[in-house]
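Letters A, B, ... mirror the listed sequences (proteins, then strands); counts begin at 1. The figures that follow rest on heavy atoms only: side chains count, while hydrogens, waters and symmetry mates do not.
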Amino acid sequence: MAGPGSEFVPLVVVGERAAYLRAGMPCAGSARDVLAEVARVEAAGGPRWVVPSAQASLAPLVADGLPVARTWDLAEAHRLLHGGWAAHPAVVHATLAGLPLDGIPRDREADLFDLPADPLDDTRPDDPVGPGGYLRPEALTLGWADRDSRLVALARLVGDLAATQQQRMAQLGPRAVATAYSESAAAVLCLELERDGLPMDRARAEALVAQAAGPRPTSEADAARIRAERDARVLAHAPGRRADLRNPAQVKDLLAAAGVEVATTRKWVLEPYRATHPLVAALLDWRKDERIATTYGYRWLDEHVGPDDRLRGAWTASDGAAGRMTAQAGLHNLPAPLRPAVAAQPGHVFVRADLGQIEPRVLAAVSGDRAFAEATLADDLYAPVAAKLRVERSVAKIAVLAAMYGQRSGAAGEALRDLQRAYPVAMGLLDEAYAAGLARRPLRTFGGRLIRLDTALAPEAGQGGGEGWDAARGRFARNAIIQGAAAELFKAWAATVRHLVRPLGGQIVLCLHDELLVHVPEQQAEAAVAVLHRALADSARRWVGASAGVPVRFVAEVSVIHRWDEAKG
DNA sequence: CCCATGACGAG
DNA sequence: AGCTCGTCATGGGT
């Protein structure tokens with residue numbers, strides 16, 4: 001008896017029409033009817049729904065609150081297999097058919113007029129693949145898919161494409177297939193994150209914005225006055241001079257007149273001068289406030305925090321580089337001073353969990369370095385590394401990070417050489433990645449994601465650039481295999497947590513590279529804490545899988561809080 | 001109006 | 001340290 005999810009069911013939604021194909025039997029019709037049927041099938045222990053993308057096919061189901069459990073996402077699978085971000089169905093199809101991408105036909109009409117076609121027009125064939133072998137540009141519009149037979153043909157094609165992708169994944173190994181599952185789940189999670197938003201304390205947010213940006217302006221003129229006052233507090237330290245603080249060149253001159261000569265006015269350049277002249281300190285503080293005033297101010301609140309006090313932004317499951325999740329509306333770069341405004345709803349708490357020392361632990365896993373894997377058994381991985389290298393912990397930490405990210409400056413020198421001797425397998429993997437970057441040779445992450453280096457950081461392939469760009473590409477490659485693998489483990493963890501907290505009435509409300517924020521009724525807090533730990537153990541074990549010579553330990557710090565700033569800094 | 005750049009927030 | 005992302009403001013081009 002096949003378990004849930006072992007059955008693959010292609011599902012396509014085009015405007016108001018939809019179709020799926022189960023065991024060769026089509027179900028097609030109005031989107032409302034078909035999706036109601038999908039919900040019933042899902043509730044009865046669903047199959048794995050094969051979709052062109054979660055965004056295109058599952059958005060209406062997610063909007064209705066259906067917790068779609070298992071999917072195969074053609075777009076995410078494509079990004080995994082072939083790298084980059086472009087994953088339109090036409091791109092997926094052409095790639096799998098071995099056709100050049102620059103031959104993909106464009107149909108302006110389909111873009112502009114997404115309307116049902118004339119029902120008497122029977123001149124167009126029912127094959128979604130056109131005469132040139134490419135997917136018809138109009139195939140995913142109602143202009144073409146306006147009748148059941150065509151929707152079913154489309155679903156059949158989607159199923160075939162997924163089958164081909166699976167074969168290619170399987171050639172990469174079982175881990176790549178598992179990664180395709182969790183990447184697909186992440187794409188659904190992205191829709192849920194966007195639907196549910198991040199709970200906010202609006203009054204607190206307004207107060208925090210006011211602290212940095214002043215009171216809410218009542219008019220354009222009022223706004224200008226407040227801005228001028230903010231500027232004046234900096235310019236007071238440079239009497240007799242005028243400068244536009246938003247113009248780096250003028251700021252540079254202003255600083256020079258005060259005796260502070262800098263090449264650029266970047267924060268990390270100025271920071272050392274903070275104490276040398278009060279102007280520098282005032283300027284740096286001004287920039288902090290200005291950031292909140294312009295980017296995270298009242299307009300941001302009004303635009304992105306809904307009437308239900310939830311902060312919402314669009315999410316993507318994988319960026320074009322190493323495959324991390326991204327979010328808009330400032331969800332991934334909320335300034336620390338605003339974090340107290342992220343607050344659980346009454347009767348609820350946040351369970352916050354973040355992965356400790358995730359990148360070196362991932363390095364141990366993906367390299368299979370036995371000695372380094374042994375170090376992961378410690379709560380603090382750098383302690384055993386320091387002991388082995390006979391150096392201070394801080395030195396060991398800098399050396400490990402330098403190895404992973406390709407530091408050029410600084411003095412990690414001798415420790416780096418010792419690191420090479422102590423953990424040759426892990427360091428060798430990093431060196432291979434660096435070499436691949438130099439040679440523009442593509443890489444794959446542990447989970448099978450293709451890291452393309454022919455286009456990355458290339459001014460123009462072949463010409464120019466020089467050593468600076470080559471080395472930058474090397475560092476990018478070195479970092480991508482770690483960052484990318486960490487993103488895969490993170491998403492596998494998140495997908496597991498998503499399933500396990502639902503019965504508790506909980507939901508993931510934020511994903512932050514190595515951190516999960518789960519919103520849960522307070523009486524379920526302890527259960528959720530246990531879930532987060534268990535989910536990590538399970539997903540890490542599945543993810544590391546057969547390569548486990550020595551087990552690699554992953555750890556999560558989990559805390560129950562009411563406001564986001566409560567847990568450790 | 002588009003686009004590159006500088007600056008900075010987060011991990 | 002090094003890498004990724006998103007966002008805003010400026011200023012040089014069209």
Side-chain angles (χ1 to χ4, degrees), chain A residues 85 212-213 227 243-252 262-271 283-297 299-300 303-304 313-339 342 352 354-360 362 394-395 397-413 415-416 430 433-434 437 445 449 451 456-457 459 471-487 490 510-517 564-565 569:
Chain A
W85 202 79
R227 222 170 38 228
D244 181 355
L245 298 178
R246 294 157 192 83
N247 184 326
Q250 291 186 31
V251 170
K252 193 163 165 257
V262 284
T264 79
T265 70
R266 293 202 152 100
K267 186 186 165 193
W268 54 90
V269 175
L270 286 179
E271 200 63 56
L283 177 69
L284 291 171
D285 292 345
W286 175 90
R287 284 207 178 135
K288 259 189 161 49
D289 291 345
E290 178 76 358
R291 166 72 42 195
I292 290 179
T294 56
T295 307
Y296 302 103
R299 194 183 54 182
W300 170 75
E303 225 169 276
H304 301 294
W315 288 77
T316 60
S318 61
D319 64 32
R324 300 225 284 202
M325 295 176 78
T326 68
Q328 294 179 331
L331 283 154
H332 270 179
N333 45 357
L334 205 67
L338 296 183
R339 289 185 171 207
V342 177
R352 175 187 185 273
D354 75 292
L355 301 176
Q357 303 173 334
I358 177 64
E359 289 180 333
V362 160
S394 60
V395 175
K397 179 176 175 180
I398 288 173
V400 169
L401 294 178
M404 284 192 298
Y405 303 143
Q407 179 187 314
R408 293 164 303 173
S409 57
L416 258 171
L430 294 169
Y434 188 83
T445 63
R449 181 178 301 275
I451 308 291
L457 288 170
R473 228 171 28 248
R475 287 196 302 275
F476 167 72
R478 195 191 279 254
N479 184 241
I481 56 167
I482 303 300
Q483 192 181 98
F490 177 81
L510 190 70
C511 295
L512 199 46
H513 307 317
D514 64 351
E515 173 180 349
L516 281 174
L517 203 59
W564 194 18
D565 62 313

What is the distance from CG of A:Leu416 to P of C:dG2, rounded to the nearest Å?
13 Å
Got a sec, which residues hit ring pair (Phe, Tyr, Trp, His ring centres under 6.0 Å) with A:His513, two or more places apart in sequence or on another chain?
A:His332
Listing, residues 316-323 of chain A side-chain donor-acceptor contacts under 3.5 Å, not counting sequence neighbours, or none:
| from | atom 1 | to | atom 2 | distance (Å) |
| --- | --- | --- | --- | --- |
| A:Thr316 | OG1 | A:Thr326 | OG1 | 2.3 |
| A:Ser318 | OG | A:Glu76 | OE1 | 2.9 |
| A:Asp319 | OD1 | A:Ala321 | N | 2.9 |
| A:Asp319 | OD1 | A:Ala322 | N | 3.3 |
| A:Asp319 | OD1 | A:Gly323 | N | 2.9 |

Under 4.0 Å between any heavy atoms, over every strand shown, what does A:Ala321 touch: base, sugar-phosphate, or nothing? Just pick one.
sugar-phosphate
Nearest-nucleotide pick for A:Asp319, side chain only, options being C:dT4, C:dC8, B:dA7:
C:dT4
If the plane angle is over 60° it's perpendicular, under 30° parallel, otherwise tilted; pick one for A:Trp300 and A:His304.
tilted
Distances for protein N or O near nucleotides 10-12 of chain C N or O, under 3.5 Å:
| from | atom 1 | to | atom 2 | distance (Å) |
| --- | --- | --- | --- | --- |
| C:dG11 | OP1 | A:Asn247 | ND2 | 2.1 |

Please identify each residue that fulfils ring pair (Phe, Tyr, Trp, His ring centres under 6.0 Å) with A:Trp286, with sequence neighbours left out.
none
Are the side chain of A:Arg324 and the backbone of A:Ala487 linked by a donor-acceptor contact shorter than 3.5 Å?
no
Quickly work out the A:Trp268 CH2 to B:dC8 C1' distance and round it to whole Å.
8 Å
Please confirm whether the backbone N or O of A:Glu290 pairs with a side-chain atom of A:Arg227, one donor and one acceptor, at under 3.5 Å?
no
To the side chain of A:Gln328, which of C:dA1, C:dT7, B:dA10 is closest?
C:dT7
With sugar-phosphate meaning primed atoms plus P, OP1 and OP2, does A:Ala336 contact a base, only sugar-phosphate, or nothing at under 4.0 Å between heavy atoms?
sugar-phosphate
Show the numbers, then the answer: is there a side chain to side chain contact (heavy atoms under 4.5 Å, CB included) between A:Thr295 and A:Asn333?
CA-CA 11 Å; A:Thr295 307; A:Asn333 45 357; over 6 Å; no
Measure the distance from CE on A:Met404 to C1' on C:dT4 and round it to the nearest whole Å.
14 Å
Hits for side chain to side chain donor-acceptor pair (under 3.5 Å) against A:Arg287, two or more places apart or cross-chain, chain-then-number order -> A:Thr265
To check you understand the geometry: which heavy-atom pair defines the closest contact between A:Cys511 and A:Leu516, and what is its length?
SG-CD2, 3.7 Å
Report the distance from atom CG of A:Leu338 to atom C1' of C:dG6, rounded to the nearest whole Å.
16 Å
Base, sugar-phosphate or nothing for A:Ala327? Non-hydrogen atoms, less than 4.0 Å.
sugar-phosphate
Using OP1 and OP2 only, check whether a side-chain N or O of A:Thr294 sits under 4.0 Å from C:dT7.
no
Test for a donor-acceptor pair under 3.5 Å between the base of B:dG11 and the side chain of A:Arg324, counting only N and O atoms.
yes
A:Lys267 has an atom NZ; how far is it from atom P of B:dA10, in whole Å?
7 Å
Counting any heavy atom closer than 4.0 Å, what does A:Gln483 reach on the DNA or RNA strands: base, sugar-phosphate only, or nothing?
base
Can you tell if the side chain of A:Gln357 reaches within under 4.5 Å of the side chain of A:Lys397, non-hydrogen atoms only?
no
Could you tell me the separation between the CG atom of A:Leu510 and the C1' atom of C:dC5, rounded to a whole number of Å?
14 Å
Rounded interatomic separation in angstrom, taking CD from A:Glu271 and C1' from B:dA7:
14 Å
Rounded to whole Å, the CG-P distance (A:Asn479 to C:dC3) equals 8 Å
When you get a sec, tell me which of B:dC8, B:dA10, C:dC8 is the closest nucleotide to the side chain of A:Arg266?
B:dC8
Got a sec? Which of residues 284-292 of chain A come in under 4.0 Å of DNA chain B, heavy atoms?
A:Arg287, A:Lys288, A:Arg291
Strictly below 4.0 Å: does A:Arg339 bring a side-chain N or O up to OP1 or OP2 of B:dG11?
yes
Distance check: side-chain N/O of A:Lys397 vs OP1/OP2 of C:dA1, anything under 4.0 Å?
no
